[in-house]
Structure formats: structure tokens, C-alpha cells
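Before any comments, here is the structure.
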Protein chains: 2
Amino acid sequence: MGSSMKDVATLASVSLGTVSNVLNHPELVAPATAARVHRAIRELEFIPNAPARQLRSRHARVLGLVVPDIANPFFTEVARGVEDAALDAGYVVILCNSDAQAEREDRYLAVLESQRVGGILITPARKSLKPLGRLLGNGVAVTLLDNDAPAQDVCSASVDDRMGGALAAEHALDLGHRKIVWLAGPADIPQVADRELGLMSAVRHAGASVQRLAAKQMTTASGEMAMESALSQGIDFTALVCANDLLALGAIRALTRAGLRIPDDISVIGYDDIEFAASAAIPLTSVRQPKYELGHAAAKLVISECEDPASHAHQRVQFQPQLVARQSSSPVSASDTLRR
Amino acid sequence: MGSSMKDVATLASVSLGTVSNVLNHPELVAPATAARVHRAIRELEFIPNAPARQLRSRHARVLGLVVPDIANPFFTEVARGVEDAALDAGYVVILCNSDAQAEREDRYLAVLESQRVGGILITPARKSLKPLGRLLGNGVAVTLLDNDAPAQDVCSASVDDRMGGALAAEHALDLGHRKIVWLAGPADIPQVADRELGLMSAVRHAGASVQRLAAKQMTTASGEMAMESALSQGIDFTALVCANDLLALGAIRALTRAGLRIPDDISVIGYDDIEFAASAAIPLTSVRQPKYELGHAAAKLVISECEDPASHAHQRVQFQPQLVARQSSSPVSASDTLRR
DNA sequence: TATCAAACTTGATACGTTTCATTTAGCGCC
DNA sequence: GGCGCTAAATGAAACGTATCAAGTTTGATA
């Protein structure tokens, strides 16, 4: 069975308190004693009991990570960033998929509260931060992930989605495109809404215009369907900007099936720059988000609050996206320009 | 601050023990009393302290999930299965990416031991199960994930990789292919080795032969490189079977770039049937593994052992893979048959 | 040699639960 | 009305640790 500090104390002929000090306040104990204790620890293969420790010290090296769906490559990468930062600090991450459902999110928040986690990283399923209020009141550090903090009492780490939308638009405009389609997702996703704002304002600024298309979900299947039905209605355009890469990949299938060539007939621009974007049959031009860094930064924020809540100042960290041009986009073709 | 059972007891005018009984042994307490206690619980918004509970009862509703890389779509899906099963049982999952490195795996196992998790689901980074010995000795339930249990003291959930390899081979053979290339991954991955065994024996049984190609890693980039160099050496074949879908997608890029058409010139068969396989430009024929079910089953195994270690019998669960034919494979073309 | 601060150690207490041996109440029956 | 039972509730002990006031040793100083 696992041995306890008491066993260590006995074997090293010191008191329980001294063993505790060796572990938590080594500067208070004489080197010779510390050495003896360490020997005993090795001998007994003692491993501290984290739950007991937390019960007493009210400090847990456990984080909760609440995301809509880890199967989304964007969040997978974010999670890796979170996890690496956590492990570096001796923390551990509880993975919670909310499926963007409030009910499931609530269930998880309750479990996390019961587990008395030290901090929570969350991409909320809904606008209101009310459900987080309880947690905050109980001294749990909360950091918003891929969301900007509206309030003062939480940290946040996000990517500038308006800028990302603008980058995508400007790329298309720079290539000479004037007939642009924006393939959006569900309207209630704040990130998507921001991308749209950035895109629209850039386009308007250039005196061009955009047609808006909406997919039901942020998936390839949904992108394919939306594009297909638009094509059947004889939509006329030369560039397609999508709310994420999955939509773009789906749309490309529909376009290809309709006999359109990419990028010769249509330029396609995605968003997220997931790994598959680069290695697709037609490498996808996309707006890269520093996903790993986002997760890493968010985790460091929440950990720093866990470690020292008193002297912690809430921060907003915002990353800049970046356009990665690949083969799915090219200058508008001569014929299209003339036709216009 | 969070209220404790003591507060609840006071408010409901009962003893501490009674509150505990309401929570854990409701059959022992009179309905009227239970009602009073429940009212107090709601009133105080009491949420049990899981760590304290575990300290006393030595029973944790926490699982550790140790996988090589959650960014691999295979494991992402497995993780979802694990998580859903866990949440259903009121458990929570700690995510651990070992990166297939022994050192990182060890670090995580130590942290999980310190957290006193109730169970561990692991796809081990190395053959030896020694590092798990300590855990088992301390009463932690261990279940092998995507690995078959060699020993008697752990459960395991896996997919029949030999059969999968055979399915892929038989599909190619049925389509008339006789010049087959097997694009393998690193030799030390047991799953891949098994697939190869199944493939080889099916091919031999049919009196055909296989050329073996090895990629350095199980990634698109690696698959592309391996295929490219093979093509430059003038390899002659009509069907390509890959150790996983990522390799297949990479290989397809190299093939396409070399002017070969799929499936007209070369039939390509992947393994895993990740989501992208179906929605790629050329939908990929692949061997489907019940990924979600695998994770779900493994989690249920480990949870059942956690709940009642005494009456638990270790089990091996093995799933059957399934061939999903799509457009990347077709009957060998007349010209190729003649040429032979 | 007596004194005192500094450097270590100790031992008791509390964290929020579960468990279990006891106690108390309620009730039918001879 | 006393007996034995069952059902319900209680109270104390324990889980493994951190903390901190109080104790002990050490070594330097006067």
C-alpha cells in the first residue's frame, strides 16, 4: 500500500511536521535532517496524497478545461497548449466537452466545483457568465478561452477575430476579387460574428460588396450543403471566404463537383489553418490562429492566479491572426475581370 | 464560501452522520428527515467536497486517460467515448498526452498516482507494463486501451488489427490487384505491426506479393515523403495500403503530383476511417475502427472495476474493424491487367 | 558560566468527509 | 407493564496532510 508521511517520519526518526517542512518549506530544515527524510521518502517510495493536501491547504493543482468539442481540430491544438503549460507547473487537466450545450456545461461546472479544482479554462456555451459566478465566489480562478472578457473579474485569452476577418477580406481584395461570398456559420457563435464584422468592414472600405451564405454547423458536411444549394441557384462570384476550414473543405467538394476549378475559377479562403488545411489536395489558404499559444497562454494565466490569488491582476491577452496564402487562392482571372 | 455538511446538519437540525447517510445510504434515513436535509442542501447550495470524500472513503471518481497524442483524430474520438461514459457515471477524466515518450508517460503516471485517481486508461508508450505495477499494487484500476492485455491483472479494450490488415488486403485482392504496396509506419508500434501481419498473411494466402515501404511517423508529411521517394525509384504497383489515413492522404498528394490518377491508376486504402477520410477531395476507402465505442467500452470497464474491485473479473474486449469502400479504390484497370 | 537570539523541531489542531459502534425511539406481544 | 425488536439517529474516530504556536538545541556573546 501507499505509505504516508507518518511512515516517512517514523523511518527518518523525525516528526510529521518536519517531513511536511521538507516538502513545503525546505529552507526551514537542517540539511542533514532533510537528507535523512529524503532517503526515507525514496526508500518507502512515498508519493504525497494530493487530495489530502488540498483538503488541508485549500489549494489544488487541478484545472478544468471546458470546450465545445475537442474533436474540432482547433480545440485539439488549444488543449495541447493548455496541457503542456499545466504539466510544466505540476498541474493536471480535466477535459470537459460541453458540445456547446448549456445543460452539459452546467453539469460539468458542478462536477468541477465538487472536485474543488483550482482553476477553470472555459469557452462558454452561452453569452451569460452567470453560471460562473458561483465558482468565482468560491475562489476558483476562471479564464475565458477564445473569448474576450467582458467583465473585470476574470482573465481572458483570445485571438482578434475582427482582424482575422479583415485579413481574409483584404487578401481576396488584393488579388483583385470583387465578387465575394462569405460562408458563415450559426449566427450565435461570437467568434464567427466578429470575423464577419471584420470582413464586412474591410470589404465596404474597399467599395466592394459581399454575399452572405450561412451554414447550419461548422462542419464539412454543412459547408458542402450550403455551397451546393447556392450553386444550384446560380450564384455568381470569384472568391469564397469561409468562417472556418471545415466549411471551406466542404465547399471545395461542392465546387469541384460542379466542375469549377480552384483557384482558377474560384479562390477559396478558410479560417483556423488546421493541419489538414495545408495537406489537403488543394492546399488551403487560411487565416492562422496561434492555437497552441492561445491554450498555453490561457493556462499560464489561470495557473498564476491559482498560485497567488492575492497579488493577481486580471488580464486580457489577445493574439493576432495571420494570413497563410496557399494554392487555393490566386489573382482573379482575366476572363472574370473582363466579364465584370 | 462553500458550505459543508456541518452547516447542512445544523440547518436541518440533524447530526453530521445523518447528512452523510442521506447522501450515501438514503435507505437508512426516514423520509421526513431526508426531505428536511435536502431542503437544507438546496438552501445552502451545498456541493460535496470530493477530495475530502475520497480521503476518507479511498474511492475517487477520477480517471486518467493516457494517450500518445490527442491531436491524432483516432484518439480524439476515443477520448470522446471515454469522456461520455465517464460523465454518465459521474466520473471526470484527466487528459494526459504522452507523446509516445516513456519519460513523459512516467511523469504523468506519477502525477496520476499522486492525485490518487481511481482508474487509468492507457495506450502505453512502451511494451513493458512494469511502470504500471506500482499503480496496480496500490489498487488503481488499469485498463489497456487499443492494446491487448498480455497479463491477467488488467482489463483491455482493443480492435482486431490483424483482421483489419486482412480486410484491407482482401479488398485490394478482390478488386483484382496483384501488385500491392504496404505503406507502414514505425516498426515499434504494435498496432501497425499487427495490421502488417494480417495483411501479409492474406496476401500470401492469395498467392500474391507485397512490397513494403516504411514511413518515419504516422503523419501526412511522412506519408508524402515516403511515397515520393518510392516513386522516384520507379516502383511498379496498382494498389497502396496504408497503416493509417494520414499516411494515405500524404501518399495521395505525392501520387497526384506525379501525375497518377486515383483510383484509375492507383487504388489507395487507408486505415482508421477518420472524419477527413470521407470528406477528402477523393473520398478515401478505409478500414473503420469503432473508435468512440472503443473508448466508451474501455471507460466502462475501468469504472466497473473502480466501483467494485472485489467482485471484478478482468476482461478483454475486442472490436471488429470494418472496410468502408469509397472512391479511392476501384477494380484494377484493363491496361494494368494486360501489362502484367 | 550565564544569557539570548537564531536555527531547528515538535505536537496539537483542523480541513470535510465516511464509517461504525452506540444510543434512542417506537411498537407489538405475552 | 416489561420484554425484545426494528428503525432511526447520534457521536466519535479516522483518512493524510499543512500550519503554527510552543518547545528544544546550538552557538555566540558578555
Side-chain angles (χ1 to χ4, degrees), chain A residues 1-38 40-41 44-62 90 113-118 138-139 306-307, chain B residues 1-38 40-41 44-62 90 113-118 138-139 306-307:
Chain A
M1 273 298 158
S3 39
S4 71
M5 282 179 34
K6 184 147 48 163
D7 304 325
V8 174
T10 307
L11 181 57
S13 330
V14 295
S15 77
L16 231 187
T18 298
V19 178
S20 175
N21 280 335
V22 169
L23 263 31
N24 305 304
H25 306 283
E27 73 281 4
L28 294 182
V29 25
T33 315
R36 237 171 48 240
V37 171
H38 276 125
I41 288 180
L44 296 171
E45 298 189 322
F46 165 75
I47 292 202
N49 184 316
R53 184 183 276 227
Q54 135 164 34
L55 174 61
R56 179 60 229 233
S57 70
R58 352 210 63 195
H59 172 71
R61 291 170 118 73
V62 180
E113 186 173 356
S114 176
Q115 292 291 336
R116 300 297 195 265
V117 297
N138 286 351
C306 283
E307 297 284 321
Chain B
M1 270 300 157
S3 41
S4 70
M5 283 178 36
K6 185 149 43 163
D7 303 325
V8 173
T10 307
L11 181 57
S13 327
V14 295
S15 76
L16 230 187
T18 298
V19 178
S20 174
N21 280 336
V22 169
L23 263 31
N24 306 304
H25 305 283
E27 73 281 4
L28 293 182
V29 25
T33 315
R36 237 170 49 240
V37 171
H38 277 125
I41 287 179
L44 296 172
E45 299 188 323
F46 165 75
I47 293 203
N49 183 317
R53 181 182 276 224
Q54 135 164 33
L55 175 61
R56 178 61 230 227
S57 69
R58 353 210 63 198
H59 173 71
R61 292 170 119 73
V62 179
E113 184 172 357
S114 177
Q115 293 292 338
R116 300 298 195 266
V117 297
N138 286 352
C306 282
E307 297 285 321

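All heavy atoms count here, side chains included; hydrogens, waters and symmetry mates do not. Here is the naming used below: chain letters follow the sequence lines, and residue numbers restart at 1 for every chain.
Base engagement by Met5(B) is indicated by at least one non-hydrogen atom pair under 4.0 Å involving a base atom. Residue Thr18(A) is classed as a base contact, given a heavy-atom separation below 4.0 Å to a base. Among the heavy atoms of the strands, none lies under 4.0 Å from His59(B). Nucleic acid contact class of Pro48(A) (heavy atoms, under 4.0 Å, all strands): sugar-phosphate only. In this structure, Val19(A) reaches neither bases nor backbone, as no heavy-atom distance under 4.0 Å exists between it and the strands shown. Leu23(B) comes within 4.0 angstrom of nothing in the nucleic acid, heavy atoms only.
Phosphate proximity of dT17(C) to Asn49(B): absent, as no side-chain N or O sits under 4.0 Å from OP1 or OP2. Applying the 4.0 Å criterion to OP1 and OP2 of dG16(C), one finds that Ser4(B) has every side-chain N and O outside that range. For the OP1/OP2 pair of dC15(C) and a distance below 4.0 Å, the side-chain nitrogens and oxygens of Arg53(A) include no atom meeting the criterion.
Comparing Arg56(A) and Ser57(B) by the nucleotide of DNA chain D whose heavy atom lies nearest to each, the residue mapping closer to the 5' end is Ser57(B). When each of Gly17(A) and Asn21(B) is assigned the nucleotide of DNA chain D with its nearest heavy atom, Asn21(B) is the one assigned upstream, toward the 5' end.
Side chains of Ile41(B) and Leu23(B) form a contact here, defined as non-hydrogen atoms less than 4.5 Å apart.
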